[in-house]
Amino acid sequence: MIKTAEYDFKAIEAHWQAFWAEHKTFHAEIDESKKKYWILDMFPYPSGAGLHVGHIEGYTATDILGRYKKAQGFNVLHPMGWDAFGLPAEQHAIATGLHPSINTKKNIDNFRQQMHRIGLGIDWEREINTTDPEYFRWTQWIFLQLFKHGLAYVDQKPVWWCPQLGTVLANEEVVDGKSERGNYPVERKPLRQWVLKITAYGDKLLKGIDSLDWPEATKRQQKQWIGRSEGGLVSFEVKPDITLEVFTTRPDTIFGVSFIAIAPEHGLIDSIVSVEQKHLVEDYRKQVAAKSDLERTDLAKNKTGVFTGSYAVHPFTGERIPIWISDYVLMHHGTGAVMGVPAHDERDFEFAQTYHLPIKQVITLSSNETLPAVGEGVLVNSGKFSGLATLDARKAILSELEHLKVGKTTVQYKLHDWLFSRQRYWGEPFPIVWVEEKDYQYLLACDHSPFKEFLPKTPIAYTENGKSLFAVPLTSKHLPLTLPEVSSYKPTMGSTTPLQNADSSWLNVKMNCSTGEILPADGFVEEGWIAGVRETNTMPQWAGSCWYYLRYLSPHFSNNFVDDKALHYWETPDMYIGGAEHAVLHLLYARFWHQFLFDLGLLPTSEPFKKLFHPGIILGPDGNKMSKSLGNVINPNSVIDEYGADALRLYEMFLGPLEASKPWSLQNVEGVYRFLKKVWREFVDLEGEIAKKMLGSCDSAEFQRLLHETILKVTEAIENLRFNTAISQLMICLNGIQKEPQISKNSAKVFLQLLAPFAPHIAEELWERLGEKASITEAAWPNFDASKCVRSQLKVVVQVNGKVRDEIYVSANAEPSEIIAAAKKASKVVAYLSKGTLVKEIYVPKKLVNFVVIL
RNA sequence: GCUUGAGUGGUGAAAUUGGCAAACACGCUAGACUUAGGAUCUAGUGCCGAAAGGUUUAAGGGUUCGAGUCCCUUCUCAAGCACCA
């Protein structure tokens, strides 16, 4: 207790924050006697800027929910951790030469301290950190499981390379073909990359979405991202030994094909282009290659293309169909070739118009429709398929094509495999060593080698300078594979990853196939040992966040990534709150890993996040997104200093609906601060003692009704995450308290309990001053008693022709006929009734009477 | 361009299944208490009108006894997707 008559929020808040920490108030253990409630926040990246107002919005929301559920008797788990790998720490390291872990630790300490200062009820015993080797050993372990099961492979993929900066950049760091930092040109450079086969889970990821209690927009976004489309592959013969395969979702339009278009990168171009067209084709391909992705995908531009000089044969009509090259066809979708049906596809239509290609209508048009007609209809000019409805025709034509062995029903996904490696220092090292083929063969021949623990059925290999290298996975005993010290965190011009700057004793190793021992290579490899080079890419930041929620369940468990006992009790989060910007990144990746671990039998559920909620973005006071360049970033620390943490929490929750994006406006902090001061004044007298007013033995009936209405409304509002309306109801209740000469101590307690999730510090303080020994967090949530809310007198509104004209007060148990009779006598209504003819009476129980009168 | 949301006072916003629009706050106006007020309290505050009253949820239309809420058209804003064959 703080001995003061003033609302000294600084002293009060510091006191109760220390109390909660000391008593481990929010520490959760498995307790089979209680129902569990696991609340998950998207854990933050601990940036140097510290906690921003958006973090506080989400974390306050989960804190309110957690404190409320605890009062409801749930065993609440509300953990927190740090998604601490990432680029800013690395850039800081490059600039200062200090190891990124130093700055990371500093930032984490700051974040933790700030969370402490806003009074979050977090179980700090379970804090995790993705950069902690004891954490990322399991990230590496899960990667090895993926590797073992054939879901991790290597591929040559183009990445953004900036010669001036000497580094590879992420897509987000490239703006209009220039580096975001320094504005230097960047180029596409193919590099060997690790890729996770997320497409193998395309169907499962898609199907699982329907079972999720997520915002519809987010579900839609994931579905769209996965982009499943059913259709068929159709082979067109070009030459006796060459066929061109196209993918189409509209096989029913096949009689309308008037050209075939293939992507400029298509592999068959060289073998089909005619001698006369060769020059034009080459020029076109060069032109396209020089275009940026932005220019190529600009929808506003006209379609361009060039004829190859070759023709394909229509599988049904035998017609010769010209083959064109055009950059509106994308190599990475389907087969990189499409059948052009101008009459029934907008893009093909545009292309055909530009190059004067025939437009053959093969589907009837609905009235007032013009070409291109992309809707459904009935087939015409389609040989024996004419007369079929398009939906039926799709099946019929595909099965005929299959019968002719020139087609196949198939499913395409927009989803691509996940590029999983980064040319960075500050990430999880891959637990992989590359060896030559003969050494790999040697390992395979070695019985019971520990290195076979994660060895895949099909070897993962790539070829460099004519030499094939094979991936050998480390064993679980070698984990964690920690980051080596490097002389520089910056990649040199010659190499592409900072880890290539590591000492040779880390980079070059020899492995004992039978014992599993790994030592620095010394140039001399004895019998039983094989030599190799470590993988020098690191994993992307998403890796650690793919499974972090599971680690909270048993953060110090060393035998497995999660303790089955804890998993059995806590299962998956009951509520996940975090930003919508992760709709298709983190939320998709994490589902992939979770489903994979589920398929291995390691998890009891197939989906990680049953219920998801996105808080809206808090904008700057000018209505723009907060950003350094606009200078509209709000520092929450100054608000805490001036008004206190309770005021900041209330303010952010009172700002508007949680899911809405809303501008910050400091003026309104005054409103909630006044509310808190008013609470204080009602409870504490001028001498600093508890106000006599709050210690009565009974309440007025009117106040009892208000109090129970408040219990109901606050409870429902919290359940529905509508904290702004909960707070307004608390304000109404306080205004009611203010008008009462005295209220019962019990009611005073109830009010504090309802306030406690929102403004926990002041609630604890006043609770203690009321004479309570235990923390308010131990008190059971107040019960709503509907009988306290019944009124003996009801107000009924009287309308004439839908307009309110009067109101009457009637006994709560009056009959409808009595009420209607009373309504007819209402002074303002009489005039209308006498002027016209009453044709209808409507009575809405306990609410209103409406008379329909013809005047 | 497509998809999905959303548009309510000077401001942030409330409003069960269609049933008193603007709760709760901010701001503003007047008053009280004060040496003082950026403290506190009281009253008022959508718009027009002196009042009676009329009128009001982006605009227009419709359904209904009754529409912020349902349907149609248009406009504006936001988010996502963006040649995915």
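When reading the values below, keep in mind they use all heavy atoms of this one structure, side chains included, and skip hydrogens, waters and symmetry mates. Below, chains carry the letters A, B, ... as their sequence lines are ordered, and counting in each starts from 1.
With hydrogens and angles left out, the side chain of A:Asn850 and the base of B:C65 share a donor-acceptor pair within 3.5 Å.
In this structure A:Glu265 satisfies the salt bridge (charged side-chain N to carboxylate O under 4.0 Å, His left out) test together with A:Arg296, sequence neighbours excluded. Residues satisfying the ring pair (Phe, Tyr, Trp, His ring centres under 6.0 Å) test with A:Trp214, not counting sequence neighbours, are none. Annotation: side chain to side chain contact (heavy atoms under 4.5 Å, CB included) contacts of A:Val844 (sequence neighbours excluded): A:Ile842, A:Lys847, A:Leu848. Residues forming a salt bridge (charged side-chain N to carboxylate O under 4.0 Å, His left out) with A:Glu841 (at least two apart in sequence, or on another chain): A:Lys824. Not counting sequence neighbours, the partners of A:Thr409 by the side-chain hydrogen bond (donor to acceptor under 3.5 Å, both in side chains) test are A:Glu402. Residues satisfying the ring pair (Phe, Tyr, Trp, His ring centres under 6.0 Å) criterion with A:Tyr643, sequence neighbours excluded, are A:Tyr673. The ring pair (Phe, Tyr, Trp, His ring centres under 6.0 Å) test applied to A:Phe784 returns no partner, not counting sequence neighbours. Remark: A:Phe683 pairs with no residue by the ring pair (Phe, Tyr, Trp, His ring centres under 6.0 Å) rule, at least two apart or across chains.
In the set B:C81, B:C26, B:A14, the nucleotide with an atom closest to the side chain of A:Trp225 is B:C81. The side chain of A:Val804 sits closest to B:C20 out of B:C20, B:C65, B:A85. Distances were taken from every side-chain heavy atom of A:Lys840 (C-beta onward) to each of B:A85, B:C65, B:C20; the shortest belongs to B:C65. In this structure, of B:C20, B:U4, B:A13, it is B:U4 that holds the atom nearest to the side chain of A:Arg220. Taking the side chain of A:Gln799 as heavy atoms from C-beta on, and the options B:G19, B:A85, B:C65, the nearest nucleotide is B:G19. The side chain of A:Thr249 approaches B:A85 more closely than any other nucleotide in the set B:A25, B:C65, B:A85. Proximity note for A:Lys303 (side chain, C-beta onward) versus B:C24, B:A85, B:C83: the nearest is B:C83. Of the candidate nucleotides B:C83, B:A15, B:A13, B:C83 has the atom lying nearest to any side-chain atom of A:Asp327. Checked against B:C20, B:A85, B:C65, the side chain of A:Phe247 finds its nearest nucleotide in B:A85. For A:Thr248, taking side-chain heavy atoms from C-beta onward, the closest of the listed nucleotides B:G12, B:A85, B:U3 is B:A85.
The salt bridge (charged side-chain N to carboxylate O under 4.0 Å, His left out) pairs that include a residue from residues 647-663 of chain A are A:Glu57-A:Lys662, A:Asp63-A:Arg649, where partners are two or more places apart or lie in different chains.
The partner of B:U29, taking Watson-Crick or G-U wobble pairs whose two distances both stay under 3.5 Å, is B:A43. Pair check for B:A79 finds B:U3; Watson-Crick or G-U wobble, both atom distances under 3.5 Å. Within the shown strands, nothing qualifies as a pairing partner of B:A22 under the Watson-Crick or G-U definition with both distances less than 3.5 Å. Judged by Watson-Crick or G-U wobble contacts below 3.5 Å, the nucleotide B:A50 has no partner. For B:A67, there is no paired nucleotide, since no Watson-Crick or G-U wobble pair has both relevant distances below 3.5 Å.
Counting any heavy atom pair closer than 4.0 Å across all strands shown, A:Asn735 reaches sugar-phosphate atoms only and no base atom. Backbone-only engagement by A:Arg722 is indicated by non-hydrogen atom pairs under 4.0 Å involving sugar-phosphate atoms exclusively. Across all strands shown, A:Val341 has no heavy atoms under 4.0 Å from either base or sugar-phosphate atoms. Within the nucleic acid shown, A:Pro663 has no heavy atom closer than 4.0 Å to any nucleic acid atom. The residue A:Phe851 sits apart from the nucleic acid: no heavy atom pair falls under 4.0 Å.
A 6.0 Å sphere centred on CD of A:Glu702 holds no more than 12 heavy atoms belonging to other residues, nucleotides or ligands. More than 12 heavy atoms of other residues, nucleotides or ligands shown are found within 6.0 angstrom of CD on A:Gln793.
For the C1' atom pair drawn from B:A14 and B:U57, the interatomic distance equals 13 Å after rounding to whole Å. Between B:G37 and B:A32, the distance separating the two C1' atoms is 14 Å to the nearest Å. B:G49 and B:A25 have their P atoms separated by 29 Å, with the value rounded to a whole Å. B:C47 and B:G10: their C1' atoms are spaced 12 Å apart (whole Å). Between B:U55 and B:C33, the distance separating the two C1' atoms is 40 Å to the nearest Å. To the nearest whole angstrom, the two P atoms, one in B:U16 and one in B:A23, are 15 Å apart. Using atom C1' as the reference point in both B:A58 and B:C77, the two lie 11 Å apart (nearest Å). For the C1' atoms, the distance linking B:U74 with B:C81 amounts to 24 Å, nearest Å.
Taking a 4.0 Å limit (strictly below) on heavy-atom distances, residues 841-849 of chain A reaches RNA chain B at A:Ile842, A:Val844, A:Lys847, A:Leu848.
Note: A:Phe255 and A:Phe316 meet the aromatic proximity criterion, with ring centroids under 6.0 Å apart.
No cation-pi contact links A:Lys678 to A:Phe675, judged by a cut-off of 6.0 Å to the six-membered ring centre and 45° from its axis. Remark: A:Lys677 is not positioned above the aromatic ring of A:Tyr7, lacking an NZ or CZ atom under 6.0 angstrom from the ring centre and at most 45 degrees off the axis.
A:Lys223 has its NZ atom 17 Å from the P atom of B:U3, to the nearest Å.
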| query | What string of B, S and - do you get for nucleotides 27-45 of chain B, 5' to 3', when a contact is any protein heavy atom under 4.0 Å? | reply | S-----------SSS----
Pairs: protein N or O with nucleotides 50-54 of chain B N or O, under 3.5 Å:
residue: B:G54; atom: OP1; partner: A:Arg805; partner atom: NH1; Å: 2.9

